[in-house]
Colleague: 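I have a structure I would like to understand better, so I am pasting it below and will then ask my questions one at a time.
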4 protein chains.
Amino acid sequence: MPEKKRKIIAVIGGSEPSAEEAKLAEKVGYELASQGATLVCGGLGGVMEAACRGASSVGGVTIGILPGDNARAANPYVQIPIVTGIGYARNISVVKSAQAVIAIGGSYGTLSEIAHALQGGIPVIGLNTWSLSRNGQTDNSIIQAQSPTEAVNKALNLARD
Amino acid sequence: MPEKKRKIIAVIGGSEPSAEEAKLAEKVGYELASQGATLVCGGLGGVMEAACRGASSVGGVTIGILPGDNARAANPYVQIPIVTGIGYARNISVVKSAQAVIAIGGSYGTLSEIAHALQGGIPVIGLNTWSLSRNGQTDNSIIQAQSPTEAVNKALNLARD
Amino acid sequence: MPEKKRKIIAVIGGSEPSAEEAKLAEKVGYELASQGATLVCGGLGGVMEAACRGASSVGGVTIGILPGDNARAANPYVQIPIVTGIGYARNISVVKSAQAVIAIGGSYGTLSEIAHALQGGIPVIGLNTWSLSRNGQTDNSIIQAQSPTEAVNKALNLARD
Amino acid sequence: MPEKKRKIIAVIGGSEPSAEEAKLAEKVGYELASQGATLVCGGLGGVMEAACRGASSVGGVTIGILPGDNARAANPYVQIPIVTGIGYARNISVVKSAQAVIAIGGSYGTLSEIAHALQGGIPVIGLNTWSLSRNGQTDNSIIQAQSPTEAVNKALNLARD
């Protein structure tokens with residue numbers, strides 16, 4: 001019989017993060033792996049690389065779902081590169097492959113991932129990231145966290161089965 | 001020689017709009033077609049259908065980029081159904097096919113389209129739709145309009161060449 | 001009420017056709033448009049451009065479903081450019097948007113389109129193109145035609161409703 | 001430093017294989033895992049499940065790139081489910097994520113995967129599967145193998161770096 005599957009958590013964020021965001025991402029990756037979760041991300045640099053580096057430092061499993069045609073584009077801490085060849089449409093696969101999503105900073109690509117996750121009913125935890133209003137009303141769907149540890153704990157608690 | 005191409009404007013919004021949003025969408029479609037623009041949308045019901053109906057009422061060209069496998073899912077005012085079979089990943093095609101985007105109301109699917117448009121540098125005009133803050137700072141990338149006519153005029157003025 | 005929709009036929013084939021294939025493609029486009037069908041293709045050069053040129057010469061409607069991020073990549077005879085940003089995954093949209101497919105010459109990209117069409121139950125007519133055997137048995141799913149006129153007539157007759 | 005990456009080999013084939021094809025697939029999965037390769041597939045039943053079962057029986061790593069929106073659709077031997085939500089467009093990701101492809105039997109979906117692999121320059125090894133002719137000339141791009149062991153050895157030898 002196959003073993004029980006691990007939780008899979010997505011970490012999303014920009015490829016050009018601030019120093020603080022990169023630090024948050026590395027800590028998030030470290031915590032996720034320490035708690036036995038698999039990390040999935042977009043596979044490139046910045047927040048994605050920092051999170052993979054953190055997870056790798058404690059032997060975690062890291063998946064990178066790449067936009068282009070070549071596995072070599074993956075950051076060096078991606079263990080399992082998925083090569084999609086579909087550009088930004090891979091953003092949807094990143095979040096749909098996860099049971100919860102942690103967003104760190106990020107620009108419009110990250111916002112698209114947040115939106116696709118919320119559309120699919122996948123919990124989104126935010127660290128220094130987007131907040132939303134719809135037609136003038138605050139939308140609290142992004143669950144704001146104050147620290148990497150809080151973000152990871154919330155993600156693991158809310159992870160859809 | 002082929003004729004000069006028309007401007008292509010996307011209209012995005014939910015499949016279950018309020019009565020007011022549906023009215024705004026129909027007026028937007030009507031104005032776009034009256035000014036000679038081609039309308040592209042996600043091809044389904046709600047805001048998409050209302051916009052196509054408005055455009056059709058003055059002989060406009062309407063394109064519906066559908067998520068599923070069957071052209072029959074298109075609303076009856078879609079002249080040119082594009083059948084993608086790629087689900088929500090078709091949201092990206094809807095906005096990338098346009099020179100500007102008008103967002104009316106909408107939920108997370110619409111938010112994903114707004115994000116993909118902004119990521120690609122495509123102007124987004126909003127009517128009763130999302131507004132954004134990034135890490136506590138207001139992001140004014142969505143250009144808010146107060147009426148269908150204003151939205152259409154702004155979209156046509158800002159349409160990328 | 002919206003008018004009755006036209007038949008939509010895909011023309012697929014390589015971007016570097018032989019002179020004979022380009023001639024076949026132009027004639028196919030001409031015949032399709034003469035008989036009132038809309039042409040859909042991958043929007044680029046070679047067979048795609050030749051078919052669009054043929055259709056345009058008699059005022060036909062031409063749709064180009066592009067792999068990249070920019071409508072400018074469309075050949076000059078594409079009236080309606082659809083910009084997908086999903087690379088070769090757009091091959092599926094090209095054939096799924098059609099009621100029948102005409103394949104002219106072509107390499108592995110064209111073969112993928114033939115396969116996706118057959119998988120979806122969409123009739124494929126072949127002109128100087130691939131033929132298939134499955135586990136040693138000839139597979140006659142590609143309906144071979146001997147001329148552009150025969151290909152177009154078969155496509156229009158077999159077009160799924 | 002991250003460890004050296006394993007070879008990733010795709011196993012493709014139908015969801016309703018013959019008993020013989022299922023046996024071939026299980027043996028291919030077993031051999032791949034025995035030789036330390038990671039297996040990637042479409043994640044569903046039939047050939048995909050048989051190959052994953054074979055790989056799992058010797059502790060191999062198995063990745064399933066799913067067409068739909070739900071990881072539960074994965075066969076029980078998939079360790080790492082990737083949820084794409086893009087339907088048959090995920091076929092491209094399956095082959096692009098691999099350094100070589102082994103095709104076992106299969107119908108038009110499998111043929112599309114073979115075509116996308118060949119288009120991308122990824123070696124394809126065939127077991128009881130499709131063979132191709134292009135405009136009357138045999139195309140030998142699919143490397144035919146006579147046994148699972150031969151298929152696996154050829155795939156590992158030809159695997160692109």
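Chain letters run A, B, ... following the sequence lines, proteins first and then strands; every chain starts at 1.
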Colleague: Tell me every residue that passes side chain to side chain contact (heavy atoms under 4.5 Å, CB included) with Ala145(D), counting only those two or more places apart in sequence or in another chain.
Modeller: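 Result, side chain to side chain contact (heavy atoms under 4.5 Å, CB included) vs Ala145(D): Ile125(D), Leu127(D), Glu150(D), Ala151(D).
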
Colleague: A quick test of your reading: do over 12 heavy atoms of other residues, nucleotides or ligands sit less than 6.0 Å from OH of Tyr108(B)?
Modeller: yes

Colleague: Applying a criterion of heavy atom separation less than 4.5 Å, what residues of residues 86-95 of chain B form contacts with chain D?
Modeller: Ile86(B), Gly87(B), Ala89(B)

Colleague: So, using salt bridge (Lys or Arg N to Asp or Glu O under 4.0 Å) as the criterion, who are the partners of Glu21(B) when residues are at least two apart?
Modeller: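 Listed in chain order: nothing, the list is empty.
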
Colleague: Do other residues, nucleotides or ligands put more than 12 heavy atoms under 6.0 Å from Lys154(B) NZ?
Modeller: yes

Colleague: Can you pull out every side-chain hydrogen bond (donor to acceptor under 3.5 Å, both in side chains) where at least one residue sits in residues 60-69 of chain D? Sequence neighbours excluded, please.
Modeller: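 Residue pairs with at least one partner in residues 60-69 of chain D: Lys96(A)-Asp69(D).
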
